[in-house]
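Comments concern the structure below.
As a basis for the values below, the full set of heavy atoms in this structure was taken, side chains included, without hydrogen atoms, waters or symmetry mates. Every chain is numbered from 1 and lettered A, B, ... according to where its sequence line falls, protein lines coming before strand lines.
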There are 2 protein chains.
Amino acid sequence: MDLNERKLKILQAIVSDFISTSEPIGSRTLSKRPDIDLSPATIRNEMSDLEEMGYLTHPHTSAGRVPSDKAYRLYVDRLMQGSDLPEVNKQEISERLHKDADELDQTVEHAAQLLSEMTNLVSFAITPNRSESKISYINFLPVDESSVVLMIVCEDGKVTNSAIRMNSPYTEENLTLMSKVMTHNFKGKAVSAVLTENITSMFESDMQALAGLAGSVVPSFMKTLEKMLNVDLYMDGYSNIFRLPEYSDVSKARNFLEAVTNKEQFTNVLVNRDQGLAITIGDENSEDLKDFALVTADYKVNGKLIGRLGVIGPKRMKYGEVTSVIKYITDNLSQTFEIPAPEETQETEPAEAEYNDK
Amino acid sequence: MDLNERKLKILQAIVSDFISTSEPIGSRTLSKRPDIDLSPATIRNEMSDLEEMGYLTHPHTSAGRVPSDKAYRLYVDRLMQGSDLPEVNKQEISERLHKDADELDQTVEHAAQLLSEMTNLVSFAITPNRSESKISYINFLPVDESSVVLMIVCEDGKVTNSAIRMNSPYTEENLTLMSKVMTHNFKGKAVSAVLTENITSMFESDMQALAGLAGSVVPSFMKTLEKMLNVDLYMDGYSNIFRLPEYSDVSKARNFLEAVTNKEQFTNVLVNRDQGLAITIGDENSEDLKDFALVTADYKVNGKLIGRLGVIGPKRMKYGEVTSVIKYITDNLSQTFEIPAPEETQETEPAEAEYNDK
DNA sequence: GTTAGCACTCTTTCGCTCAGAGTGCTAACA
DNA sequence: TGTTAGCACTCTGAGCGAAAGAGTGCTAAC
């Protein structure tokens with residue numbers, strides 16, 4: 001038995017109808033669609049075939065058909081038409097992303113908010129692992145007698161800092177020296193590379209005076225590097241899911257929330273997805289997410305992967321709309337932060353003028 | 001009619017029974033309690049009085065009594081016995097908070113996690129507004145030709161940084177100069193004070209060369225200061241609420257989630273609470289939180305308010321347990337980060353030894 | 001002042017029926 | 001041979017009434 005044109009047409013109709021209604025689709029309903037000119041009986045035969053082939057299931061004998069995970073996959077790969085985003089939405093996205101677009105992190109949060117609003121699903125954003133970021137410099141700054149701040153600046157401009165409590169007194173000169181020694185040793189190296197080095201041995205060859213500081217500083221330094229390997233997860237729109245009929249059962253809603261608020265586990269899932277636009281449906285996901293579908297896309301700046309944005313929701317998701325919103329937003333993000341773009345930035349002109357004046 | 005001893009006893013029994021069962025309490029149930037030696041009929045009379053006085057309500061004629069907000073308030077103020085935390089729990093709290101206790105922010109997140117686990121409620125933590133933090137120094141650091149990082153260090157050791165995209169080329173010397181000028185002007189001043197100053201005018205009297213930089217830098221500086229006024233909100237345990245029978249109705253659960261995930265609004269509520277241990281119940285809260293109870297407590301370091309931790313849940317909350325957990329955790333947090341405490345910190349001894357070796 | 005008794009109310013649950021939706025199969029049709 | 005009409009059958013879900021259970025309020029007696 002093969003998937004001929006007619007079967008595909010019926011399958012497509014079932015999937016898209018089910019996506020919008022979340023009700024099992026019966027043969028009579030389908031036969032009324034203008035694009036399907038077949039009698040209910042014929043449709044029933046085809047449905048029966050499709051069920052045998054694993055594309056449809058039956059909640060119970062006298063219910064209509066429901067798409068299987070396999071059907072969603074086929075739908076996404078071959079059947080759905082990628083809806084083009086209405087111009088109004090495009091405009092709204094652009095406007096809301098450009099307003100306050102000076103800080104990447106904040107803009108990404110706005111993007112996630114926007115995404116959950118426009119899709120009515122739960123959205124998320126992660127920053128990539130920074131293990132391959134190169135260190136630009138390292139600075140220790142005095143705070144008070146017993147604490148200093150460690151600051152690590154990467155070549156990509158990302159700054160990480162953490163407070164260090166000192167076990168022994170320090171002088172500002174020692175701190176400066178420490179900063180210089182460490183910067184000298186680690187500048188240009190990737191975070192992951194530094195983490196595997198034997199740092200303490202480094203200080204033996206260096207100044208004796210620093211050894212005292214090193215006792216307090218090195219463990220904190222290592223911890224801070226490890227902290228840089230963490231992926232930040234931002235989520236939005238939790239309550240959206242409760243508007244969907246499939247979660248009118250509280251225990252289902254709770255399962256969803258539990259899967260999704262287990263940050264560590266969920267982050268792990270997100271980190272390990274394919275790059276670019278990735279859609280996973282039902283059993284393509286890990287066990288705890290097998291009732292859901294995820295759509296993610298990456299945004300890049302100057303070709304470098306910066307982060308990942310996406311949504312999670314029920315398998316009967318408007319894949320076409322969702323992917324086009326996500327793609328539009330990630331593309332927009334990428335453009336906004338593209339660096340070699342010294343075009344017509346109107347606001348800056350006064351500043352330039354001021355500068356040239358003097 | 002006054003609240004005599006017997007009425008109080010009955011009221012206490014009703015509130016505490018209702019807290020643990022969430023079922024309306026009938027006169028017969030109460031009469032079976034060993035500590036209440038009255039017939040159902042007598043209890044009914046008292047209940048009727050208590051209802052008239054506004055402490056109890058009736059879901060319908062043939063249902064038992066349910067405490068009103070007023071009753072919860074009385075219960076919290078006068079009737080409940082503050083349960084002392086079992087030693088096991090105390091130990092667990094101490095252990096889990098001290099593990100990895102070098103970074104305050106992270107420890108606070110752990111504390112909130114712990115809190116939601118132990119209370120089975122939704123927990124949250126906020127950092128205080130830093131408008132009165134004093135600036136210690138300001139630093140501009142080069143990243144690449146077109147971007148620099150602005151770093152503001154406060155006297156309390158908190159560091160805020162943001163990326164600035166430069167509209168015009170800069171030299172490292174200029175950056176350093178800029179850092180010095182700004183540090184000189186703002187050191188020791190509170191963030192809120194700096195925000196009201198006319199910064200641009202400051203530069204007129206300063207170096208001409210800096211004016212060019214100022215065009216890019218000053219707006220970002222102001223934005224960063226504003227960012228410092230933001231209060232961070234961390235939340236945990238969303239899914240706990242779905243285990244409670246009162247949220248078996250999805251629409252109620254959704255209302256809860258919506259009230260609580262509206263970060264801006266919810267943060268606002270949390271910021272404006274009384275200091276110290278604060279309990280607000282039902283209509284003591286704002287309209288959108290009128291079905292819930294909140295318990296919050298502050299943690300301080302060296303007498304200075306550092307942050308606030310708490311839970312939100314149904315009004316029938318185990319106030320005794322919850323407050324003792326929260327108090328124990330906040331006290332513990334305060335102690336952990338108390339600075340002039342160079343006592344027996346065992347973990348640091350190896351480091352010290354290492355130091356003495358050399 | 002307390003209590004037993006009783007009529008009354010309201011909710012919840014259970015079983016039942018019935019309508020509706022949909023299927024699968026068979027037989028007829030083009 | 002593929003398509004369709006017809007029909008028996010299945011299953012769900014809504015609606016209904018009865019009955020059980022919980023609890024009250026009132027009255028009258030202790």
Nearest-Å distance, CG (B/Asp49) to P (D/dG25)?
-> 11 Å
What stems involve DNA chain D, if each pair must be Watson-Crick or G-U and both of its distances must be under 3.5 Å, with 3 or more such pairs in a row?
-> C:1-30 with D:1-30
Quickly work out the B/Arg6 CZ to C/dT3 C1' distance and round it to whole Å.
-> 11 Å
To the nearest Å, how far apart are A/Ile43 CD1 and D/dG2 P?
-> 18 Å
Should the pair B/Glu5-B/Lys9 be classified as a salt bridge under the 4.0 Å nitrogen-to-oxygen rule?
-> no
Ion pair check, A/Asp69 and A/Arg73, cut-off under 4.0 Å = no
Here the distance between atom C1' of D/dT3 and atom CG of A/Asn4, to the nearest Å, is 14 Å
Hey, is the side chain of B/Ser62 pairing donor to acceptor with the base of C/dC10 inside 3.5 Å?
-> yes
Which part of the nucleic acid, if any, lies within contact of A/Thr42, taking any heavy atom under 4.0 Å across all strands shown: a base, the sugar-phosphate backbone alone, or nothing?
-> base
Aromatic ring proximity A/Tyr72/A/Tyr55, centre distance under 6.0 Å = no
Starting at atom CD1 of B/Ile36, determine the distance to atom C1' of C/dT3, rounded to an integer number of angstrom.
-> 16 Å
Rounded to the Å, how far apart are B/His60 NE2 and C/dC10 P?
-> 9 Å
Check ion pair B/Lys7-B/Asp2 (N to O, under 4.0 angstrom) | no
Hey, are A/Glu51 and A/Arg44 close enough for a salt bridge, meaning a charged N less than 4.0 Å from a carboxylate O?
-> no
Go through A/Phe256 and A/Phe292 one step at a time and tell me if the ring-ring contact (aromatic ring centres under 6.0 Å, His included) criterion holds.
-> CA-CA 8 Å; A/Phe256 175 79; A/Phe292 312 113; 4.9 Å; yes
Between C/dT2 (C1') and B/Met47 (CE): distance, integer Å | 16 Å
Heavy atoms under 4.0 Å is the rule here; annotate nucleotides 25-30 of chain C 5' to 3' with B where the base is hit, S where only the sugar-phosphate is, and - elsewhere.
-> B-----
Whole-Å distance separating the CD atom of B/Glu46 from the C1' atom of D/dT24 = 16 Å
Electrostatic pair B/Lys252:B/Glu246 at N-O distance under 4.0 angstrom = no
Is A/Arg308 salt-bridged to A/Asp298, cutoff N-O under 4.0 Å?
-> yes
Residues from residues 18-32 of chain B sitting under 4.0 Å of DNA chain C, heavy atoms only?
-> none
Worked check of side chain to side chain donor-acceptor pair (under 3.5 Å) between A/Ser239 and B/Arg254 = CA-CA 6 Å; A/Ser239 61; B/Arg254 198 185 67 217; over 6 Å; no
For A/Tyr234 and A/Asp236, run side chain to side chain donor-acceptor pair (under 3.5 Å): C-alpha distance rounded to whole Å, both residues' side-chain angles, the deciding distance at 0.1 Å, then the answer.
-> CA-CA 7 Å; A/Tyr234 175 84; A/Asp236 211 326; 3.0 Å; yes
Counting only side-chain N and O atoms of A/Thr61, is one of them less than 4.0 Å from OP1 or OP2 of D/dT10?
-> no
When you look at A/Arg65 and A/Glu46, which way does the salt bridge (Lys or Arg N to Asp or Glu O under 4.0 Å) test go after all the steps?
-> CA-CA 11 Å; A/Arg65 295 316 210 282; A/Glu46 295 288 32; over 6 Å; no
Salt bridge flag under 4.0 Å for residues A/Lys70 and A/Glu284 | no
Could you work out which one of D/dG25, C/dT23, D/dT10 sits closest to the side chain of B/Ser48?
-> D/dG25
